[in-house]
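Structure record follows, encoded as structure tokens.
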Amino acid sequence: MVTELLDDVWWFDLRGVNAYLAEDDGTVTLIDAGTPISRRPLARELRELGYVFEDIDRVLVTHYDVDHVGTLNRIDAPVYAGAIDAPLVAGDRTPNWRTRKGFTQRLAAPFCPTPDGPVQSVGDGDTIGSFTIHHTPGHTPGHVAYVSEALSVAFVGDLVRESDGNLVASPWLVSDDVGQVRSSIEELASELPAVEALAMGHGIPFNRAGHDRLRELAGRL
Ligand SMILES: [Zn+2]
């Protein structure tokens, strides 16, 4: 089901993982791309808004994990990802199996489709349309958040998640480095403009006072 979070920002609940659509100054932007079995639900959500896959102008990927890159081979549009994760998304590098996170990524790698086109790497402070990129390592080394003050939304991927109405940090089990998760939350909370929506990869996104929720969490860590 599609839920409108704010004007021009929609939440796609793809059964266990979220993706989002934003109309950024007329540009149809998909944020994260679900799992390899999300193609049909994603197509249905797009259709509800009057779109098909071909209408997507760009995809902003928060990080390399199978539940965020699963339909990239279905989308013919530029893909953006954080500099460290981008070669993994592109299929140019394999995950480092010597780290706990890398090992799980390595196991899932055969299920991660690679996009047909190039993957453009983005770094801290870069901008794409109205979005500013914040490097937020911890869940994965190359994890990034995409923040648009104009749309009043922060797409924060798996840096945080919502659970029973609470905002929590990315848990140890699925994180590369929980110390980095904590410092990334603190840094993003201090840099974030006063956006309303906080849109994460798992759980129910907040469409009001998102900035305050993140600051509260940073204060609790
Ligand atoms: Zn995820």
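First listed ligand is number 1; within each ligand, the first listed atom is number 1. Quick caveat: nothing in here was measured; it's all calculated off a predicted structure.
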Could you check W10, Y20, W11, Y80 and say which one makes a ring-ring contact (aromatic ring centres under 6.0 Å, His included) with F155? Y20
Matching residue for Y64 among I84, T140, V119, V89 - test: side-chain contact (heavy atoms from CB on, under 4.5 Å): V89
From the options V144, T136, L198, I185, select the one residue that forms a side-chain contact (heavy atoms from CB on, under 4.5 Å) with V156. L198
Taking side chain as C-beta onward, heavy atoms only, is V181 less than 4.5 Å from W172? no
Going by distance alone, is a donor N or O of one side chain under 3.5 Å from an acceptor N or O of the other, for T71 and S38? no
Name of the residue among T27, D25, D24 meeting side chain to side chain donor-acceptor pair (under 3.5 Å) with S130: D24
Using a cut-off of 2.8 Å, find all protein N, O or S atoms closer to the Zn ion (ligand 1) than that distance. D67 OD2, H68 NE2, D158 OD2, H202 NE2
